[in-house]
Amino acid sequence: MARFHRLRVAAVDRLTDDSVALALTVPPDLREEYRYAPGQHLTLRRRADGEDIRRTYSICSPAPEGGGPGTLRVGVRLVEGGAFSTYALKEIGVGDELEVMTPAGRFTLPPAPGRYAAIVGGSGITPVLSIVSTLLERESGARFCLIRSDRTAASTMFLEEVADLKDRYPDRFQLVPVLSREEQQAGLPSGRLDQDRLTALLPALLPVGQVDGWFLCGPYGLVEGAERALRGLGVMRSRIHEEIFHVDTGAPAAPTASAPAHSTVTALLDGRGGTWPVREGESLLETVLRNRPEAPYACKGGVCGTCRAFLVSGEVRMNRNFALESEETEAGYVLACQSHPVTERVELDFDR
Ligand code: FES
């Protein structure tokens with residue numbers, strides 16, 4: 001079960017004009033709880049003016065082998081008007097304490113031999129940096145191709161860290177940078193990485209059919225375009241892993257189904273169960289939170305996957321789902337923040 005602890009900020013490193021990396025110290029007694037798989041994220045919480053503001057940020061550092069980490073490093077990019085990112089870039093300093101949830105997320109790659117590739121946009125590099133650096137360090141039989149899209153060189157996060165990987169693993173790491181608003185001296189011409197461009201580009205870069213895992217991370221438009229390009233090139237859906245950072249407002253929602261006039265949700269959370277009536281229009285997460293404020297969530301937008309629960313019985317309608325893979329929904333998992341009851345009784349298990 002995900003929990004918050006207060007962790008101290010050990011360093012604030014400026015990456016670009018609008019992004020920083022925050023390093024957080026994990027005391028020895030909490031290290032096991034913060035053990036993470038490369039690609040996972042942390043939810044940071046800030047309480048201001050009576051509001052509970054939560055944001056998820058991916059861990060960028062390689063996952064340590066053996067025990068849990070002594071330090072966690074996350075990348076934070078400023079979002080226009082963003083309540084947490086503005087605070088992170090303008091106010092957080094060394095020595096401050098932050099409320100940090102234990103790691104979560106299934107956009108991960110346990111190190112294994114094979115050929116892997118990623119297509120990332122902007123801050124989508126953050127979890128992939130942890131995935132690539134852990135993989136190349138631990139697995140000599142692994143190769144990785146990173147295709148990254150950024151606006152300009154100056155706005156590119158982790159430029160040095162990625163260049164360093166290229167120096168350390170010249171035979172096993174292939175880097176393909178694309179800038180959308182600036183010409184590069186060497187490399188590909190500028191422009192957006194959309195479906196058509198990727199369809200033409202990918203077969204020229206690597207043997208697409210031999211890639212064991214594709215990792216797509218960034219804004220909704222880029223991830224959707226990359227998935228369509230890969231599917232068009234014959235890549236199986238099971239080899240494609242996705243994490244979306246921002247969802248455009250035009251992103252599709254599931255069709256609505258009629259809701260029962262009265263319904264209840266029964267939820268098991270941290271070994272304790274309860275049954276409560278669902279108020280009209282509210283999500284199952286909101287019902288559970290009114291009664292169990294410790295229920296896990298971060299984005300409430302169907303993107304981060306923190307509110308994942310197993311649907312034990314009943315039926316729900318999910319508005320949006322950008323977090324769960326199809327195998328997870330087929331196995332019975334739902335996002336509580338997006339779920340509304342279709343049957344009069346619904347039973348969720350957050351512990352499974
Ligand atoms: S809280 Fe992020 S998907 Fe539900």
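Since this is a predicted model, take the numbers as computed values, not measurements. All ligand and atom numbering here is 1-based and tracks the order in the structure.
- Separation of the H241 and F215 ring centroids falls under the 6.0 Å cut-off.
- The backbone N or O of T152 sits nowhere less than 3.5 Å from a side-chain atom of D150 that would complete a donor-acceptor pair.
- When V162, L129, I131, V176 are each tested for a side-chain contact (heavy atoms from CB on, under 4.5 Å) with L146, only one passes: V162.
- Side chain of N321 to main chain of A323: a donor-acceptor pair is present (N/O by atom type, distance under 3.5 Å, no hydrogens or angles).
- Protein atoms of type N, O or S found under 2.8 Å from atom 2 (Fe) of ligand 1 total 2.
- Remark: R143 is not positioned above the aromatic ring of F173, lacking an NZ or CZ atom under 6.0 angstrom from the ring centre and at most 45 degrees off the axis.
- Here the shortest heavy-atom pairing between A88 and V76 reads CB-CG1, 3.9 Å.
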